[in-house]
Amino acid sequence: MLTCKEATRMMSEAQDRKLGAGERLKLEMHLSLCRGCRNFRQQMDFLRAACRRLVGRDEPGQD
Amino acid sequence: MIDNSFIAEVRSDMLRFAQLQLRDAALAEDAVQEALLGALSGERSFSGRSALKTWVFSILRNKIVDLIRVQSRTTNVSALGEEGASLDQAFEELFKTNAHWRPDTRPRGWGDPAEALREKGFWDVFEICLNHLPENTARVFMMREFLEFDTTEVCQTLDISVGNCNVILHRARNGLRRCLESSWFAPGEKPC
């Protein structure tokens with residue numbers, strides 16, 4: 001079973017590479033039981049979205 | 001359609017983008033100036049404002065990459081580890097001895113994130129949080145997220161290992177998320 005600390009490392013790496021099947025399984029199992037880590041993952045996705053928006057890759061539909 | 005006020009607006013976005021990454025006002029100013037001149041003197045015609053903006057930003061991105069390559073030759077790689085020490089310590093303190101979250105530091109839900117992205121004030125906080133990161137940590141993070149290097153390219157450019165790169169990115173992301181959590185996603189509500 002992953003610890004939360006290990007899970008955060010894996011979730012950060014998931015932003016940079018496709019995790020292997022074994023890694024994904026372990027992570028999903030952990031996430032199904034851990035709200036804190038589910039929030040952490042959403043926060044990682046949020047950071048990515050904010051960075052995209054900042055560099056104008058993902059502009060809201062206005063101008 | 002492409003008037004001076006539009007150029008001024010794009011220019012200020014570019015400047016912010018360049019300054020965040022180069023952390024050197026004069027260097028950033030130069031890069032933006034060159035990118036704008038390069039873009040506007042070309043023969044290309046643009047179908048609209050967003051096409052022009054995308055184009056000047058892609059020129060600026062290349063300029064920043066060049067500058068970073070030059071700067072990275074003088075980056076002290078061992079400094080990358082040292083400057084992260086306090087962030088690493090703060091990270092360790094989020095956990096109990098069994099490496100699970102402490103109840104009071106467990107990441108909270110941030111509600112509707114799209115709402116934050118629409119608010120002007122959020123971007124000021126985001127910028128402050130980015131500027132709070134130690135210089136080289138921020139550099140690695142922004143190469144990955146803003147310049148969209150993959151980690152292999154980041155490693156090659158800065159001459160660090162993939163493992164090291166992963167550690168730095170994790171450190172940066174966690175630092176940023178904590179900064180945003182305390183500065184924007186207001187505390188007060190209990191984590192459930």
Side-chain angles (χ1 to χ4, degrees), chain A, chain B residues 6 10 13-14 16-17 20 48-50 53-54 57 61 91-92 94-96 98-103 105-110 113-114 116-118 122-123 126-127 130 141-142 144-148 150-152 154 162 165-167 169-174 176-178 180-181 185 191-192:
Chain A
M1 184 70 187
L2 286 181
T3 64
C4 296
K5 208 188 273 189
E6 289 164 338
T8 66
R9 298 228 159 79
M10 221 177 244
M11 288 186 279
S12 174
E13 282 187 41
Q15 299 283 323
D16 307 314
R17 66 175 174 91
K18 196 168 166 27
L19 298 179
E23 290 175 310
R24 284 208 302 277
L25 187 66
K26 277 200 262 183
L27 183 59
E28 291 306 326
M29 266 173 58
H30 180 91
L31 290 176
S32 69
L33 299 169
C34 180
R35 176 184 288 273
C37 284
R38 286 201 296 277
N39 286 337
F40 185 95
R41 174 152 75 177
Q42 282 178 352
Q43 295 176 1
M44 291 296 103
D45 292 341
F46 174 85
L47 285 182
R48 172 64 51 85
C51 289
R52 289 281 180 276
R53 181 71 62 85
L54 189 81
V55 301
R57 281 295 167 102
D58 173 33
E59 290 278 352
Q62 53 192 23
D63 239 29
Chain B
F6 174 65
V10 171
D13 285 353
M14 292 167 81
R16 188 169 67 172
F17 180 70
L20 271 172
R49 293 176 163 206
S50 66
K53 191 171 176 183
T54 306
F57 263 86
R61 202 176 266 120
F91 175 71
E92 293 298 326
L94 300 175
F95 299 95
K96 297 184 288 195
N98 67 1
H100 291 278
W101 301 108
R102 280 178 19 208
T105 57
R106 195 179 293 150
R108 279 189 285 263
W110 284 358
L117 298 179
R118 279 193 296 270
F122 169 78
W123 294 104
F126 191 56
E127 216 171 298
L130 280 168
F141 178 77
M142 288 192 264
R144 172 76 191 102
E145 299 292 342
F146 293 172
L147 304 175
E148 296 178 46
D150 60 35
T151 44
T152 323
V154 175
V162 175
C165 192
N166 287 339
V167 168
L169 285 169
H170 175 264
R171 184 185 287 154
R173 289 175 176 134
N174 192 62
L176 266 181
R177 102 177 165 79
R178 299 220 44 225
L180 291 176
E181 189 156 274
F185 296 98
C192 5

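In what follows, chains carry the letters A, B, and so on, assigned in the order in which the sequence lines appear, proteins first and then strands, with residues in each chain numbered from 1.
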Q. Can A/Thr3 and B/Phe95 be said to form a side-chain contact (heavy atoms from CB on, under 4.5 Å), step by step?
A. CA-CA 10 Å; A/Thr3 64; B/Phe95 299 95; over 6 Å; no
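Ranking A/Arg9, A/Gln42, A/Arg17 against chain B, the residue ahead of the rest is A/Arg9, based on heavy-atom pairs under 4.5 Å. Of the residues considered (B/Met142, B/Glu92, B/Lys96), B/Glu92 shows the highest number of contacts with chain A, using heavy-atom pairs under 4.5 Å.
For A/Gln15, the parts sitting under 4.5 Å from any heavy atom of chain B are the backbone and the side chain alike. In this structure, no portion of A/Arg38 lies under 4.5 Å from any heavy atom of chain B. Both the backbone and the side chain of A/Gln43 come within contact range of chain B, with heavy atoms under 4.5 Å apart. Only the side chain of B/Trp110 has a heavy atom closer than 4.5 Å to any heavy atom of chain A. B/Arg144 touches chain A through its side chain: at least one heavy atom from C-beta onward sits under 4.5 Å away, while N, CA, C and O do not. Proximity to chain B (any heavy atom under 4.5 Å) is shown, for A/Phe40, by both the backbone and the side chain. Within the 4.5 angstrom heavy-atom criterion, atoms from both the backbone and the side chain of A/Cys37 approach chain B. Contact of B/Leu20 with chain A is made through the side chain alone, with heavy-atom distances under 4.5 Å. In this structure, chain A has a heavy atom under 4.5 Å from the side chain of B/Ala116, while its backbone stays farther away.
Of all non-hydrogen atoms in A/Gly36 and B/Trp101, the two that sit nearest each other are C-NE1, 3.8 Å. Of all non-hydrogen atoms in B/Leu117 and A/Ala49, the two that sit nearest each other are CD1-CB, 4.4 Å. Heavy-atom minimum distance, B/Arg173 versus A/Asp16: NH2-OD1, 2.8 Å.
Counting only heavy atoms from C-beta outward, the side chains of A/Arg53 and B/Trp123 approach each other to under 4.5 Å. Contact check for A/Thr8 versus B/Leu94: no side-chain heavy atoms found under the 4.5 Å cut-off. By the 4.5 Å heavy-atom criterion applied to side chains, B/Arg16 and A/Leu54 are counted as neighbours. Side-chain atoms of A/Met44 and B/His170, non-hydrogen and from C-beta on, never get closer than 4.5 Å to each other.
Summarising the geometry, atom SG belonging to A/Cys51 is positioned 9.5 Å from atom CD belonging to B/Glu148; distances are rounded to the nearest 0.5 Å. Annotation: the span from A/Cys4 atom SG to B/Arg106 atom CZ amounts to 8.0 Å, rounded to 0.5 Å.
Annotation for A/Lys5: atom NZ counts as buried by contact number, over 12 foreign heavy atoms lying within 6.0 Å.
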